[in-house]
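Taking it in order: structure first as structure tokens, then the write-up.
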Amino acid sequence: MEREFWKPGNMLYPVPAVMVSCGRPGERPNILTIAWAGTICSDPAMVSISVRKERYSYDIIRETGEFVINLTTKDLTRAADYCGVKSGRDVDKYEVLHLTPLKSGTVAAPGIAESPVCIECRVKQVLELGSHDMFLAEVTAVSVDPRYMDASGKFRLNDLGLTAYSHGEYFELGKKLGKFGYSVRKKK
């Protein structure tokens with residue numbers, strides 16, 4: 001079978017579309033949308049985000065060494081898109097989008113109260129890579145909205161309508177295809 005070859009590029013999709021909140025003391029906080037975010041270690045819990053140097057939030061995160069990753073849902077997708085195309089230099093995104101800054105437990109940067117999951121992060125290292133710098137950060141706390149807990153105390157993360165980004169488009173996560181280990185589980 002013939003394949004068509006393109007110039008090297010990032011075609012690793014889908015990826016989470018998350019809103020990253022940050023702020024300097026005495027200034028209004030900001031939100032930027034990141035599609036290049038991921039888990040990098042489980043013990044200690046660590047994540048990465050990649051940010052262009054010219055983005056308004058880049059200097060804030062670089063100077064404060066803190067940020068919050070806020071998971072997005074179907075209901076937050078329009079806000080996520082807005083935060084990805086409008087600059088915090090020009091607009092107060094919390095105000096314009098009617099979002100509520102949420103006091104964090106371990107970092108000064110606020111979360112977003114409307115997000116079902118807020119992941120508080122402290123930068124450990126910055127890798128200068130080219131178009132983007134990667135912030136490697138330790139997760140210092142995770143807060144979840146208790147409205148998404150079921151009667152047995154389980155957090156219903158996969159029932160929230162989480163948002164993914166793929167090749168310029170947003171998607172709501174959908175149909176479950178399997179569960180970890182299902183390919184080797186003995187059938188009853």
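Computation of the quantities below employed the complete heavy-atom set of this structure, encompassing side-chain atoms and omitting hydrogens, waters and symmetry-equivalent molecules. If you read the sequence from its start, that first residue is 1, and numbering goes on from there.
From Asp133, atom CG reaches atom OG of Ser48 across 12.5 Å, with rounding to the nearest 0.5 Å. How far CD of Glu66 is from OG of Ser104: 8.5 Å, rounded to the nearest 0.5 Å. Annotation: the span from Lys103 atom NZ to Ser143 atom OG amounts to 12.0 Å, rounded to 0.5 Å. Between the OG atom of Ser57 and the NZ atom of Lys93 there is a distance of 6.0 Å, given to the nearest 0.5 Å. To the nearest 0.5 Å, atom CG of residue Asp59 and atom NZ of residue Lys53 are 10.5 Å apart. One distance of note links OG1 of Thr163 with CG of Leu173; it measures 7.5 Å at 0.5 Å rounding.
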ask   = Between Tyr170 and Asp81, does a side chain to side chain donor-acceptor pair (under 3.5 Å) hold up when you go through it step by step?
value = CA-CA 9 Å; Tyr170 301 97; Asp81 183 67; 2.8 Å; yes
message = Is there a side chain to side chain contact (heavy atoms under 4.5 Å, CB included) between Arg24 and Glu63? Walk through the geometry before answering.
response = CA-CA 8 Å; Arg24 289 186 189 103; Glu63 290 169 22; 2.8 Å; yes
task = Would you please test Thr100 and Tyr94 for side chain to side chain contact (heavy atoms under 4.5 Å, CB included) and show each step?
result = CA-CA 6 Å; Thr100 310; Tyr94 278 97; 6.0 Å; no
request  = Starting from the C-alpha separation in whole Å, work towards a yes-or-no answer on side chain to side chain contact (heavy atoms under 4.5 Å, CB included) for Ile31 and Ile112.
outcome  = CA-CA 9 Å; Ile31 306 166; Ile112 300 171; 3.8 Å; yes
Quick one: side chains of residues 3-12, donor-acceptor pairs under 3.5 Å with protein atoms, not counting sequence neighbours, listed by atom name and distance.
from: Glu4; atom 1: OE2; to: Trp6; atom 2: NE1; distance (Å): 3.0

For residues 117-128, tabulate all N or O donor-acceptor pairs below 3.5 Å that involve a side-chain atom, not counting sequence neighbours.
from: Glu120; atom 1: OE1; to: Gly105; atom 2: N; distance (Å): 3.2
from: Glu120; atom 1: OE1; to: Thr106; atom 2: N; distance (Å): 2.7
from: Glu120; atom 1: OE1; to: Thr106; atom 2: OG1; distance (Å): 2.6
from: Glu120; atom 1: OE2; to: Gly105; atom 2: N; distance (Å): 2.9
from: Arg122; atom 1: NH2; to: Thr106; atom 2: O; distance (Å): 2.5

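Under the 4.5 Å side-chain criterion, counting only non-hydrogen atoms from C-beta, Val91 is in contact with Tyr82. At a threshold of 4.5 Å between non-hydrogen side-chain atoms, the residues Ile69 and Ile49 count as touching. In this structure the side chain of Ile61 reaches within 4.5 angstrom of the side chain of Val20, judged on heavy atoms. Considering only heavy atoms from C-beta on, Leu76 comes within 4.5 Å of Glu114 through its side chain. Counting only heavy atoms from C-beta outward, the side chains of Leu162 and Thr72 never approach each other to under 4.5 Å. Side-chain contact between Phe135 and Ser50 is absent, with no heavy-atom pair separated by less than 4.5 Å. Arg78 has its side chain out of reach of Leu97: every pair of non-hydrogen atoms, C-beta onward, lies at least 4.5 Å apart. Within the 4.5 Å cutoff, the side chain of Thr33 has no heavy atoms near those of the Val18 side chain.
When all heavy atoms of Ser21 and Gly111 are compared, the pair lying nearest together is OG-CA, 3.7 Å. The minimum heavy-atom distance linking Ala37 with Pro16 is given by the pair O-CG, 3.8 Å. Residues Arg55 and Val51 approach most closely at CB-CG1, 4.0 Å, considering heavy atoms.
Without hydrogens or angle criteria, Arg52 side chain to Tyr58 main chain gives no donor-acceptor distance under 3.5 Å. At distances below 3.5 Å, not a single donor-acceptor pair connects side-chain atoms of Arg147 with backbone N or O atoms of Pro116. A donor-acceptor contact shorter than 3.5 Å links the side chain of Asn70 to the backbone of Met19.
Leu136 is not connected to Phe67 by any chain of hydrophobic side-chain contacts under 4.5 Å among Ile, Leu, Val, Met, Phe, Trp and Tyr, and they are in different clusters. Using a 4.5 Å cut-off between side-chain heavy atoms of Ile, Leu, Val, Met, Phe, Trp and Tyr, with links allowed through other members, Val107 and Met46 fall into different hydrophobic clusters. Transitive grouping of hydrophobic side chains (ILVMFWY, heavy atoms separated by less than 4.5 Å) brings Met149 and Leu71 into a common cluster. Two different hydrophobic clusters hold Leu32 and Met134 under the rule that ILVMFWY side chains link at heavy-atom gaps under 4.5 Å. Transitive grouping of hydrophobic side chains (ILVMFWY, heavy atoms separated by less than 4.5 Å) brings Val142 and Phe155 into a common cluster.
No donor-acceptor contact under 3.5 angstrom links the side chains of Asn30 and Tyr56, judged on distance only. Counting only N and O atoms by type, the side chains of Asp159 and Tyr148 include no donor and acceptor under 3.5 Å apart. In the model, Asp75 has no side-chain atom that pairs as donor or acceptor with a side-chain atom of Thr73 under 3.5 Å.
Shown here are the side-chain contact (heavy atoms from CB on, under 4.5 Å) partners of Lys74, two or more places apart in sequence or in another chain: Glu172.
Relative ring orientation between Trp36 and His132 is described as tilted, the plane-to-plane angle lying within the 30° to 60° band.
Phe171 and Tyr13 have their aromatic ring centers separated by at least 6.0 angstrom.
Dense packing is recorded around CD of Glu27, with more than 12 heavy atoms of other residues, nucleotides or ligands lying under 6.0 Å away.
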